[in-house]
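As structure tokens, the structure follows; a few thoughts come after it.
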Amino acid sequence: MPELPEVEVLRRSLEPRLVGDRIAGFEVRAPALREPLDPVVFERFTTGRRVEALDRRAKYLLIHLEGGATLVIHLGMSGRLTLVPGDTEVEPHEHLAFRLASGRRLRLRDPRRFGQAFALPTADLAGDRHFAHLGLEPLSPGFDGSVLARLAEGRRGPVKTFLMDARVAVGIGNIYASEALHRAGVHPSRSVARIGWARWEALAQAVIEVLSRAIAEGGTTLNDFADADGQAGYFQVSLAVYDREGEPCPRCGRAIRRTVHANRSTFYCPGCQR
DNA sequence: CGTAGACCCTGCGCGC
DNA sequence: TGCGCGCAGGGTCTAC
């Protein structure tokens, strides 16, 4: 389920629990997620190292370790990263786990195996092929309507696809793309070539507000986030249109519709999105 | 070059 | 009840 807010809530939850602990070892139980899980790399860049800080870039969780190394985790569609007592039974799809010096275990479960895990020197992060092409962080300074308008120059295609393009901006997944477009009153199929300055500004603000609110609401369930096993770690946010086909739009009452962009479901209100 | 579509994988809910 | 189908919040690759 993770989009940017979920990864950010996970980061905030894990950081105080992990910093200062040390990675004592690891178990790789699947040969690969999206990419091969490389025990040689984990051994070289994680074993024996103390956790210094947790960071996030796009939907990647960055676990910075002492000695200038970083463990990178991406949850894909179905990944769950949880902190459990070391003697907790190994569960199905627990493809990777790190034993900690405190006795706990940082486990990554991922049934669909679209996630990723790798480690590298921290200095190589920016130039790494997973990160080099990534665009704006929507919750960082500099994300606004004028920058979106500039990035859209000369481009075609529906605005929803544009918003989800990681080369433009990162972290806006399928749920929050629909939600932000609804909040801004912009039809998801509208061509990026037919969006004026005011709409770009409204869209940028809507993205910021939708993501910020999701993080804030996730924060309310932070307590047992990382301790809990499985689903307890994930939170419910109030969504206006996503997965609400046929239900009334909370703003204008018209029935919400579902369509498809780039093989992904899109939900929108035909009444107040133009 | 940019964009659209297929695809990776497993689990779940729905309709028959 | 059992079963097949469609769909799922990720990203990347290929074909046009």
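Because the structure is a prediction, the values reported are computed rather than measured. Every chain is numbered from 1 and lettered A, B, ... according to where its sequence line falls, protein lines coming before strand lines.
Here C:dG11 presents its P atom at 11 Å from CD1 of A:Ile172, a figure rounded to the nearest Å. Here the C1' atom of nucleotide C:dG9 and the OH atom of A:Tyr242 are 6 Å apart, to the nearest Å. Between the C1' atom of C:dT12 and the NE2 atom of A:His74 lies a distance of 12 Å, rounded to the nearest Å. Protein atom NE2 of A:His133 is 9 Å distant from nucleotide atom C1' of C:dT12, rounded to whole Å. If you take OH of A:Tyr176 and P of C:dA8, they are 16 Å apart, rounded to a whole angstrom. Spacing between atom CZ of A:Arg244 and atom P of C:dG9 amounts to 15 Å, rounded to whole angstrom units. Whole-Å rounding puts the A:Asp110 CG to B:dC9 P distance at 13 Å. For the pair A:Arg167 CZ and B:dG2 C1', the interatomic distance rounds to 7 Å; values are reported in whole Å.
Although no hydrogens or angles enter the test, the distance criterion places no donor-acceptor pair under 3.5 Å between the side chain of A:Gln273 and the main chain of A:His187. In this structure, the side chain of A:Ser13 does not engage the main chain of A:Val9 through any donor-acceptor pair within 3.5 Å.
Taking the six-membered ring where tryptophan is involved, the planes of A:Phe118 and A:Tyr60 are perpendicular, since the angle between them exceeds 60° and thus also 30°.
For A:Phe114 and A:Gly157, each mapped to the nucleotide of DNA chain B holding its nearest heavy atom, the one lying further toward the 5' end belongs to A:Gly157.
C:dG9 makes up no base pair with any nucleotide shown, lacking Watson-Crick or G-U wobble contacts both under 3.5 Å. The pairing partner recorded for C:dT1 is none, the criterion being a Watson-Crick or G-U wobble arrangement whose two distances lie under 3.5 angstrom. Remark: B:dC9 base-pairs with no nucleotide in the shown strands. Criterion, Watson-Crick or G-U wobble with two distances under 3.5 Å.
Between the P atoms of C:dG6 and B:dA6, the separation comes to 14 Å (whole Å). Separation of the P atoms belonging to C:dC3 and B:dC9 is 24 Å when rounded to the nearest angstrom. Taking the P atoms as reference points, B:dC1 lies 23 Å from C:dG11, given to the whole Å.
Out of C:dC7, C:dG10, C:dT12, the shortest distance to the side chain of A:Lys59 is found at C:dG10. In this structure, the nucleotide among B:dT3, B:dC9, C:dG9 sitting nearest to the side chain of A:Asn174 is C:dG9. Side-chain atoms of A:Pro111 lie closest to B:dT10 of the nucleotides C:dA8, C:dG10, B:dT10. For A:Met77, counting side-chain heavy atoms from C-beta on, the closest listed nucleotide (C:dG9, C:dC7, C:dT12) is C:dG9.
Among the heavy atoms of the strands, none lies under 4.0 Å from A:His261. Looking at heavy-atom distances under 4.0 Å, A:Pro158 makes contact with sugar-phosphate atoms alone, never a base. Residue contacts shown for A:Arg34 include a base, since a base heavy atom lies under 4.0 Å away.
In this structure, A:Val19 is a member of the same hydrophobic cluster as A:Leu81, with clusters built from ILVMFWY side-chain heavy atoms closer than 4.5 Å.
Between A:Asn263 and B:dG5 there is no side-chain N or O to OP1 or OP2 distance below 4.0 Å. Between A:His130 and C:dG11, a side-chain N or O to OP1/OP2 separation shorter than 4.0 Å is absent. Between A:His93 and the phosphate of B:dT10, there is no side-chain N or O to OP1/OP2 separation shorter than 4.0 Å. Here A:Arg264 reaches the OP1 or OP2 of C:dG10: one of its side-chain N or O atoms lies under 4.0 Å away. OP1 or OP2 of C:dA8 sits under 4.0 Å from a side-chain N or O of A:Ser265.
Residues A:His182 and A:Cys249 share a closest heavy-atom pair of NE2-SG, 3.3 Å.
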Stepwise salt bridge (charged side-chain N to carboxylate O under 4.0 Å, His left out) test for A:Lys59 and A:Glu6: CA-CA 9 Å; A:Lys59 296 165 190 163; A:Glu6 287 78 3; over 6 Å; no

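Side-chain contact between A:Leu96 and A:Phe98 is present, with at least one heavy-atom pair separated by less than 4.5 Å.
Interface remark: the A:Arg113 side chain does not form any donor-acceptor pair with the B:dC9 base, using a distance-only criterion of under 3.5 Å.
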